[in-house]
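First the structure, in the form of structure tokens, and then the observations on it.
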Amino acid sequence: ELVEILLVQDAETPAELVGLKKFTAAHVHKDGNPADADKSNFQLFVSSFGLPQQHKFTIRLQKDLAAVSTWWAERTLKEAQNGASHEAIQRLVEVLKAVSGDPNHPVLKEVYRILGERLAEAVLKVAEKLLARDAAKVESSNVPQPDSALHAAEGIKAEMVQAVAMGAPPKHPAMARSKEIEVKLRMEEKS
């Protein structure tokens, strides 16, 4: 199943799931019912011809699109709520947007909130790892290691900037703790 793959690695969205909304719109007559359309300019009529809005196949396509979009929206939200990584959430969001044709699908607001939290938590894990690495380096040496502290602080700052650009809330508690670690390392580097 595509969802299971996307939870652990990148995968192509199947072509048959992409652009369903555009496909449906392209096959519906633009000006209401084609039977009522002005046919005096037959070339124009033929170039704009499509199925009537209430045609059984048009209705079926719209129902199928709604069902597929709803399924992907619910599944994306469920996986985000169940602890999927920020990378997996981003991959699922891309499929949802491709399937629904809606980059502002209503469920995305909550998914993006969860994604922001995951990104902030990931930054804190990196900050703690860099702090521990710096502490180990300092402990294993008899001389001060200002370059190690500076390198770690710069790494944390870069992670924070990238996470905010990807949607992490800058004032999230994990981001604040990461900033504290960055400042602590910068203080170590100066002393």
Should we count CD of Glu1 as having more than 12 external heavy atoms under 6.0 Å?
yes
Please check if the number of heavy atoms outside Lys129 that lie under 6.0 Å from its NZ is greater than 12.
no
Group every Ile, Leu, Val, Met, Phe, Trp and Tyr by side-chain heavy-atom contacts under 4.5 Å, then state whether Ile156 and Val161 land in the same group.
no
When clusters are formed by joining ILVMFWY residues with side-chain heavy atoms under 4.5 Å apart, either directly or through shared neighbours, do Ile181 and Leu150 land in the same one?
no
Do Lys190 and Met187 come close enough that some side-chain heavy atom pair is under 4.5 Å?
no
Walk me through whether Leu7 and Leu92 qualify under side-chain contact (heavy atoms from CB on, under 4.5 Å).
CA-CA 8 Å; Leu7 289 172; Leu92 291 168; 4.0 Å; yes
So, does Ser141 use its side chain to make a donor-acceptor pair with the main chain of Lys137 at under 3.5 Å?
no
As a quick check of understanding, evaluate salt bridge (Lys or Arg N to Asp or Glu O under 4.0 Å) for Glu110 and Arg113, giving each step before the final call.
CA-CA 5 Å; Glu110 178 64 10; Arg113 185 192 65 73; 2.6 Å; yes
Using the rule that two of Ile, Leu, Val, Met, Phe, Trp, Tyr join whenever any of their side-chain heavy atoms come within less than 4.5 Å, decide whether Leu108 and Leu77 are in one cluster.
yes
Applying salt bridge (Lys or Arg N to Asp or Glu O under 4.0 Å), run through Glu87 and Arg91 and close with a yes or a no.
CA-CA 6 Å; Glu87 296 96 338; Arg91 290 188 292 265; over 6 Å; no
Give a yes or no on whether His151 atom NE2 has more than 12 heavy-atom contacts from other residues, nucleotides or ligands under 6.0 Å away.
no
Spacing of Gln145 atom CD and Glu189 atom CD [to the nearest 0.5 Å]
12.0 Å
Under-4.0 Å salt bridge between Arg186 and Glu154
yes
Do Leu115 and Leu96 share a hydrophobic cluster, counting only Ile, Leu, Val, Met, Phe, Trp and Tyr and linking them when any side-chain heavy atoms are less than 4.5 Å apart?
yes
Any salt bridge linking Glu128 with Lys125? Criterion: basic side-chain nitrogen under 4.0 Å from a carboxylate oxygen.
no
Would you give the length of the straight line joining atom CE of Met160 to atom OG of Ser178, rounded to the nearest 0.5 angstrom?
6.0 Å
Salt bridge or not for Arg75 and Glu4, using N-O below 4.0 Å?
yes
What is the minimum heavy-atom distance between Pro169 and Met175, and which atoms define it?
O-CG, 3.4 Å
Atom CZ of Arg60: over 12 foreign heavy atoms under 6.0 Å:
no
Linked, directly or transitively: Ile114 and Leu124 (ILVMFWY side chains, under 4.5 Å)
no
Spacing of NZ belonging to Lys97 relative to CD belonging to Glu94, to within rounding of 0.5 Å:
4.0 Å
CE of Met166 to CD of Gln90, rounded to nearest 0.5 Å, is 3.5 Å
Take Val93 and Tyr112 through the test side-chain contact (heavy atoms from CB on, under 4.5 Å) and record every step on the way to the result.
CA-CA 9 Å; Val93 163; Tyr112 284 142; 3.5 Å; yes
Nearest atoms (heavy-atom pairs only) where Asp134 meets Ala149:
OD1-N, 3.1 Å
Could you grab the distance from atom CD of Glu159 to atom CG of Leu130, nearest 0.5 Å is fine?
7.5 Å
Kindly indicate, with the supporting measurements, whether the criterion side-chain contact (heavy atoms from CB on, under 4.5 Å) is fulfilled by Lys184 and Glu188.
CA-CA 6 Å; Lys184 177 181 178 182; Glu188 279 182 26; 3.7 Å; yes
